[in-house]
Amino acid sequence: MNEQSSTTSIIEKTVFPILFALSFSHLLNDTIQSLIPAIYPIIKTSYHLSFSQIGLITLTFQLAASLLQPFVGLYTDKKPQPYSLAIGMGFTLIGLISLSQSAHFYTMLLSVAFIGIGSSIFHPEASRMAHAASGGKRGLAQSVFQLGGNAGSSLGPLLAAWIIVPYGQFSVIWFSVIALLAIVILTYVGNWYRGFMLSRSKKVSIQTVVNQFSKNKVIFSVCILLLLIFSKYFYMASLTNYFTFYLIDKFHVSVQTSQIYLFVFLFSVAAGTLLGGPIGDKIGRKYVIWASILGTAPFALLLPHASLFWIGVLIVPIGMILASAFSAILVYAQELIPGKVGLVAGLFFGFAFGMGGIGSALLGKLADSTSIEYVFNVCAFLPLIGLLTGFLPNIETKKK
């Protein structure tokens, strides 16, 4: 009886210590990753790189971080790996140390590929563990998990402005301490998840969401969701990777000042992340997705025509509204395809990273052939793709 009650407790109650540990590890992981775009202005000048080469660095990182994720998720759906997160962080640590030593373009590509591989191992299984610890509050769990990642991404520009810009590329190695801390925390999380899996094997009573949609309807809905991810992450790529260059080119601000503006945007993204999941739990994922992507459009269309002051104002609602989409999209997809938590997480995290990488490469090429200002004028229309949300079914009415 006691064993049964314990198992039910593990399954039905939200395990906040684990969610917070996963969120903090996500913060550490994405802080490291955010150092890559944060040092672009430095390495572009030091090694005389073009915008196309900057885009290729991002593409290499994003492809390494995306292509493996669905396969990792598919594998761990069948054979969960409690300690894979710590192993993935080990790859990140190797890439981080290598990046600090890189003196050539191709060694930079190899370094960011290692960091990308670490990310591809981290995200699907971490999302699965957040799902396991959610106690049924899946939207809240994903938002807490995503909050850490976006908060970490927002720290990169500040750390670059305070540490990497004054002390140079080699100072990147100092952040290996962050990776080591993450390995310790993720080992603790792995111990919990191993215990969770053992308890679940004794008493399987996890409530799942059953939908009544046809296979074609599910495929169509997933395609719509992926198009929304395309819209979100192409637009995010323009801001994350080229916003500093845009500010420097148009307003002649310093590198440190441009990094602060980028921090404001990324911090707004982090703040907005926490909203989408819990609101989706209450009112439905579709409405959150609709509001978060399409709602960005008015502010995005104004951004290329704004003064420096108003840019500082506009990037706050852009970041907050846009960021609320991903948690809702991910949980919506997991409810659309029950029982495939890892596969869905890997597919959507991977596709998001891939779109960010491809977007960065294409936008870099476009910036080289036109101008960085032209890129921002074009990207302002991307959030209008959010109109496709209207074709998604109201999945909440299909729960049993």
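By convention here, the first residue in the shown sequence is residue 1.
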Are the side chains of [X] and [Y] in touch, meaning some heavy atoms are under 4.5 Å apart?
{"X": "Ile178", "Y": "Thr31", "answer": "yes"}
{"X": "Phe245", "Y": "Ser258", "answer": "no"}
{"X": "His123", "Y": "Ser127", "answer": "no"}
{"X": "Val172", "Y": "Ile163", "answer": "no"}
{"X": "Ile318", "Y": "Tyr235", "answer": "yes"}
{"X": "Met320", "Y": "Val269", "answer": "no"}
{"X": "Tyr40", "Y": "Ile57", "answer": "yes"}
{"X": "Ile18", "Y": "Tyr188", "answer": "yes"}

As an exercise, state the distance from [atom1] of [X] to [atom2] of [Y], rounded to the nearest 0.5 Å.
{"X": "Leu336", "Y": "Ser221", "atom1": "CG", "atom2": "OG", "answer": "5.0 Å"}
{"X": "Asp30", "Y": "Ser25", "atom1": "CG", "atom2": "OG", "answer": "11.0 Å"}
{"X": "Leu363", "Y": "Asp368", "atom1": "CG", "atom2": "CG", "answer": "11.0 Å"}
{"X": "Phe24", "Y": "Leu181", "atom1": "CZ", "atom2": "CG", "answer": "5.5 Å"}
{"X": "Leu302", "Y": "Trp310", "atom1": "CG", "atom2": "CH2", "answer": "10.0 Å"}
{"X": "Ile117", "Y": "Leu63", "atom1": "CD1", "atom2": "CG", "answer": "11.5 Å"}

Considering residues, nucleotides and ligands other than [X], do more than 12 of their heavy atoms fall under 6.0 Å from its [atom1]?
{"X": "Tyr47", "atom1": "OH", "answer": "yes"}
{"X": "Phe251", "atom1": "CZ", "answer": "yes"}
{"X": "Lys365", "atom1": "NZ", "answer": "no"}
{"X": "Phe267", "atom1": "CZ", "answer": "no"}
{"X": "Tyr83", "atom1": "OH", "answer": "yes"}

Review point. Does a side chain donor of either Ser98 or Ser111 reach within less than 3.5 Å of an acceptor in the other side chain?
Key: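 Distance-only check passes for Ser98 and Ser111.
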
Expected output: side-chain [X] to main-chain [Y] donor-acceptor under 3.5 Å:
{"X": "Gln69", "Y": "Ala65", "value": "yes"}
{"X": "Glu125", "Y": "Gln81", "value": "yes"}
{"X": "Thr389", "Y": "Gly386", "value": "yes"}
{"X": "Ser119", "Y": "Ile115", "value": "no"}
{"X": "Ser46", "Y": "Ile43", "value": "no"}

Identify the two heavy atoms, one from [X] and one from [Y], that lie closest to each other, and give their separation to 0.1 Å.
{"X": "Ala64", "Y": "Ala113", "value": "CB-O, 3.5 Å"}
{"X": "Ser231", "Y": "Leu382", "value": "OG-O, 2.8 Å"}
{"X": "Lys217", "Y": "Phe391", "value": "NZ-O, 4.2 Å"}
{"X": "Ala323", "Y": "Gly272", "value": "CB-C, 4.1 Å"}
{"X": "Ala130", "Y": "Gln142", "value": "CB-NE2, 4.2 Å"}
{"X": "Ser23", "Y": "Val144", "value": "OG-O, 2.7 Å"}

**Study point:** Trp162/Gln256 under side-chain contact (heavy atoms from CB on, under 4.5 Å): CA gap, chis, key distance, verdict
**Key:** CA-CA 8 Å; Trp162 293 341; Gln256 286 89 344; over 6 Å; no

Would you kindly confirm whether [X] and [Y] end up in one hydrophobic cluster when ILVMFWY residues are joined by side chain heavy atoms under 4.5 Å apart?
{"X": "Ile289", "Y": "Val222", "result": "yes"}
{"X": "Val177", "Y": "Phe91", "result": "no"}
{"X": "Tyr75", "Y": "Met197", "result": "no"}
{"X": "Leu27", "Y": "Ile121", "result": "no"}
{"X": "Ile36", "Y": "Tyr167", "result": "yes"}

Exercise for review: Report yes if the distance between the aromatic ring centroids of Phe234 and Phe230 is under 6.0 Å, otherwise no.
Suggested key: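 Phe234 vs Phe230: aromatic centres under 6.0 Å.
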
Practice item. Please confirm whether Lys250 makes a cation-pi placement over Phe376, using NZ or CZ under 6.0 Å from the six-membered ring centre and within 45° of the ring normal. Key: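 No.
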
**Study point:** Derivation and outcome, side-chain contact (heavy atoms from CB on, under 4.5 Å), residues Leu85 and Leu22
**Key:** CA-CA 10 Å; Leu85 302 185; Leu22 286 168; 4.0 Å; yes

Review point. Angle class for the Trp192/Phe196 ring planes (parallel below 30°, perpendicular above 60°, tilted otherwise)?
Key: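 Answer is parallel, since the angle falls under 30°.
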
Review point. Taking it one step at a time, do Leu110 and Thr60 satisfy side-chain contact (heavy atoms from CB on, under 4.5 Å)?
Key: CA-CA 8 Å; Leu110 182 62; Thr60 300; over 6 Å; no

Practice item. Please assess Phe114 against Leu93 for the test side-chain contact (heavy atoms from CB on, under 4.5 Å), listing each intermediate value before the final yes or no. Key: CA-CA 8 Å; Phe114 269 99; Leu93 176 61; over 6 Å; no

